[in-house]
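Following: one structure in structure tokens, then a few remarks.
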Amino acid sequence: AYLFKKAQYQRFGTLTSRQEAQAATVRMLETRDNVVISYLLALETRVSEAIGVQDSTEEGLKVRVDEEVGWFTDHRNTIPSAGTLEDLEKDSIEAQSRWKSVDPLIYEVLAAIAHGRVLEFTDRTDEIFGRVKNKSEDIRTEDRDEYTFSDQKFDILNRWVFETENRIVRSKQRRSDAEGAITLLAKRKSNALSQYNEIITILGETQLYLKEANTYMREIIREIKTTEE
């Protein structure tokens, strides 16, 4: 509707077409601000419902998102007061400039959500590995012959435990790299997509190491449950 009314005004240049173009521009700019507001509120809801996001991180992001919601709400409410198409054009440029400055915050929120999932995955892996490792140690210290394993079996278990620990350590190293990249992202002023993609790549590597650790733990459990010949 906006493009149609704009084209009519550019073609005819009458007072009526100008008024209709101005009214259509007002509706378009208000709608555009509403879209941005809705998107920011959706991000805020996602970070509130996300797993693994630390409370301090969540609150800090929500405060900053609320600030942007407030800005676009105020901007939307002042649009109808514009007296000319030229004033509306200035309002449009102002909103466009603000949107570009919000870009890093948006990707920071998305990165925090992805980081939270990996952090929760790490905590679960640590907890399960602790239980598996403790069970292995309990068997090692068992005095009853029927409840213990041969040295060869313990060598196998030790190898799987070592490989599991190695993967967990590597995952935490890559997660630390991701956290450093998120810190840099928070300092960006624009064009944060490339930094966000790098973070997602690093978190993907972190997750891969954790999946390998869980695979090795399944091998430990299988060895524990398998009766020796």
Side-chain angles (χ1 to χ4, degrees), residues 1-3 5-6 9-10 21-120 174-206:
Y2 158 73
L3 292 175
K5 294 297 183 181
K6 177 182 176 181
Y9 171 62
Q10 290 174 334
Q22 185 166 330
T25 303
V26 167
R27 288 192 296 272
M28 183 276 290
L29 293 179
E30 287 176 333
T31 302
R32 190 175 67 178
D33 281 348
N34 282 333
V35 170
V36 173
I37 291 166
S38 297
Y39 180 66
L40 292 172
L41 291 175
L43 281 180
E44 191 173 90
T45 299
R46 283 194 63 189
V47 77
S48 296
E49 296 174 349
I51 59 174
V53 178
Q54 296 179 342
D55 290 343
S56 58
T57 300
E58 177 186 337
E59 288 305 313
L61 290 172
K62 287 170 69 175
V63 166
R64 291 162 62 196
V65 170
D66 281 339
E67 181 181 344
E68 299 304 327
V69 169
W71 189 94
F72 280 97
T73 300
D74 291 341
H75 182 267
R76 178 198 62 195
N77 293 340
T78 61
I79 289 171
S81 64
T84 65
L85 279 171
E86 290 71 25
D87 289 339
L88 290 173
E89 183 178 6
K90 292 178 183 177
D91 288 341
S92 178
I93 293 172
E94 185 181 27
Q96 185 181 22
S97 176
R98 185 74 178 198
W99 171 251
K100 289 180 179 179
S101 70
V102 176
D103 183 69
L105 173 59
I106 291 170
Y107 285 113
E108 188 181 347
V109 172
L110 296 175
I113 293 170
H115 174 263
R117 287 198 297 268
V118 170
L119 191 62
E120 197 270 343
R174 292 305 280 156
R175 193 190 75 204
S176 178
D177 292 339
E179 289 165 353
I182 291 173
T183 300
L184 291 176
L185 176 61
K187 298 176 181 179
R188 295 290 289 265
K189 299 300 181 182
S190 61
N191 301 324
L193 178 57
S194 60
Q195 183 80 8
Y196 170 74
N197 287 335
E198 179 183 347
I199 292 167
I200 295 302
T201 298
I202 298 172
L203 290 176
E205 294 171 2
T206 303

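What you see below is based on every heavy atom in this structure, not just the backbone, and it leaves out hydrogens, waters and symmetry mates.
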How many angstroms lie between atom CG of Asp33 and atom CZ of Arg98, to the nearest 0.5 angstrom?
11.5 Å

Rounding to 0.5 Å, atoms OG1 (Thr183) and CD (Glu108) come to a distance of 8.5 Å

Just verifying a value: how many Å separate Leu110 CG and Leu193 CG, rounded to the nearest 0.5 Å?
10.0 Å

Donor-acceptor pair, Gln22 side chain versus Gly83 backbone, under 3.5 Å?
yes

Flag if over 12 foreign heavy atoms under 6.0 Å of CD, Glu120
yes

Is any side-chain heavy atom of Val65 closer than 4.5 Å to one of Ile106?
no

Can you check whether Tyr2 reaches Thr31 side chain to side chain, under 4.5 Å on heavy atoms?
no

Might you point out which heavy atoms bring Thr206 and Arg175 nearest each other, and give the distance in Å?
OG1-N, 3.3 Å

Hey, are Asp103 and Lys100 close enough for a salt bridge, meaning a charged N less than 4.0 Å from a carboxylate O?
no

Mark yes when over 12 heavy atoms from residues, nucleotides or ligands other than Lys6 sit less than 6.0 Å from its NZ; otherwise mark no.
no

Validation row: Lys189, Pro104 side chains within 4.5 angstrom (heavy atoms)
no

Approximate separation, where rounding is to 0.5 Å, of His115 NE2 and Ile202 CD1:
11.0 Å

In short, Ile200 meets Ala114 closest at the heavy-atom pair CD1-CB, 3.8 Å

Does the pair Tyr9 and Leu85 meet the rule for a side-chain contact (heavy atoms from CB on, under 4.5 Å), with working shown?
CA-CA 11 Å; Tyr9 171 62; Leu85 279 171; 3.7 Å; yes

Drop me the distance from Asp177's CG to Leu203's CG, to the nearest 0.5 angstrom.
10.0 Å

Considering the options Ile37, Asn34, Val35, which one meets the side chain to side chain contact (heavy atoms under 4.5 Å, CB included) requirement together with Phe72?
Ile37

Please answer whether the main-chain N or O of Ala21 pairs with a side-chain N or O of Thr25 as donor and acceptor at a distance below 3.5 Å.
yes

Which pairs, with at least one residue in residues 72-94 and sequence neighbours excluded, count as a salt bridge (charged side-chain N to carboxylate O under 4.0 Å, His left out)?
Arg18-Glu86

Between CG on residue Leu40 and CZ on residue Arg64, distance to nearest 0.5 Å
12.0 Å

Contacts of Gln195 that satisfy side-chain contact (heavy atoms from CB on, under 4.5 Å) - sequence neighbours left out:
Ala181, Leu184, Leu185, Arg188, Glu198, Ile199

Min side-chain heavy-atom separation Asp66-Glu44 under 4.5 Å:
yes

